**Q** 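Please see the structure below; I have some questions.
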Amino acid sequence: MLPEANYEESEAGNLPLPSPLEGEDGGRIGTATRWNRRRAAIRAEFARIMYGELPPRPEAVRFELRRECDDAIDGIAIRREIRIHLEQGRKHHCIDVLWYLPKSVKEPVPAIVGMNFRGNHACSPEPDVFPPEFFPLDEPVERGSQTGRWCFRQLVESGFSVATAFRGDLFPDRADGRADSVFRLYREADGLTPEHRELTAISAWAFGYVQMLELLETDPRIDRRRIWAHGHSRLGKTALWAAANEPRFAGVVSNDSGCCGAALSRRNFGETVGRITQMFPWWFQKELDRYAGCEAELPFDQHFLLALAAPRPVLVASATEDLWADPRGEFLSARAAGEVYRLFGCEGIGDAEFPAPEQPVFGDAVGYYLRTGIHDVTPVDWKFVTDFIRRNS
Ligand code: GCU
């Protein structure tokens, strides 16, 4: 039986944090060059213990334009629906991307890549967006039911392009989802059972982020140097892991990513490693189970994950009522990551204190804010996100 989740700050523990700059030989990393080697070792540790490795690049990748509408969102956007075909030998897997571009732009635009929870048709107010075809959710999803989270109009009006794909296209989010996941390309059915924890949902989804980035890079209307990864909650954990693995992401936004995302594991507050590994084993390596209840033995904490993005900018967002994700633990992690950013001459958020709601701490390459409200993505979030991206590109 799991103990009750703790929501008392006085009980959070706040165990001392390891430093990403402490080398394996005990020596201190003092230069960006030395950090690069240390960074590779930390990334490998996250892969081994927590997230597994992203699937390899398939032998062939093909983009099929299924539909283009040059009069989308009341005429302000171009909407493209693209099927990414992944081919490995005789095996084939698809990802369907919904992609909006602002229409009236003269120069290449920045872009945001994010994965969605309930299908592309749920994200858009437009009535004819293709729903997921291959591995739909167990329950029917209403068209447009997630439009509150995907503020396409607001983003396009702010000059951003935005692309999204359904998480289920990469890894249906359930214990036996591996069998229908993108890992099918590389394994036979007996290698895709729930025991094969090394093939994780988070790495499959992160691979989907990289595929979307590569799709956007083919379009001259997109500024390839300003393609950002964005994710909410489990997909926020994913966006951080995607940016850690793919240097072409210009920056990353974690929205309410919580435990095993931005939040520190060495705090007992809200969700813990013990709980997450019991509830969502298919997201993580089996190795992580060993750290349930002994998080202090992890060779890293989640500020190391944020620091894997350095010196690229990272924005961590929390919500006041989302205590499960431990807002303060997310803040402390963002602050602690600054140690690595300083090697690159960026101040991070310095020694800022936990801010009041709607008072963003937009530091030098690291940002944090707390939004009033529940675990969600709202127009207020997107406003902070686009402001932060503008300041940091
Ligand atoms: C659950 C899970 C979290 C996750 C969240 C989500 O609450 O415990 O770790 O972030 O789902 O993805 O919405």
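We count ligands from 1, going down the list as the structure has it; atoms in each ligand are counted the same way. Note that this is a predicted model, so its numbers are computed, not measured.
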**Q** As a test of reading the model: which residues have a non-hydrogen atom less than 4.0 Å away from ligand 1?
**A** F117, S233, R234, K237, E271, I276, F280, W283, W324, H375
**Q** With a cut-off of under 6.0 Å to the ring centre and 45° to the axis, is R67 in cation-pi contact with F130?
**A** yes
**Q** Side chains of N245 and R43: does their closest heavy-atom pair fall under 4.5 Å?
**A** yes
**Q** Applying the ring pair (Phe, Tyr, Trp, His ring centres under 6.0 Å) test to Y368, which of F331, F388, F384, F362 qualifies?
**A** F331
**Q** Enumerate the residue pairs fulfilling ring-ring contact (aromatic ring centres under 6.0 Å, His included) with a member in residues 239-264, sequence neighbours excluded, ordered by first and then second residue.
**A** Y51-W241
**Q** Hey, does the side chain of K286 reach the backbone of E198 with a donor-acceptor pair shorter than 3.5 angstrom?
**A** no
**Q** Using side chain to side chain contact (heavy atoms under 4.5 Å, CB included) as the criterion, point out the one residue from V162, V156, I222, D223 that pairs with V109.
**A** I222
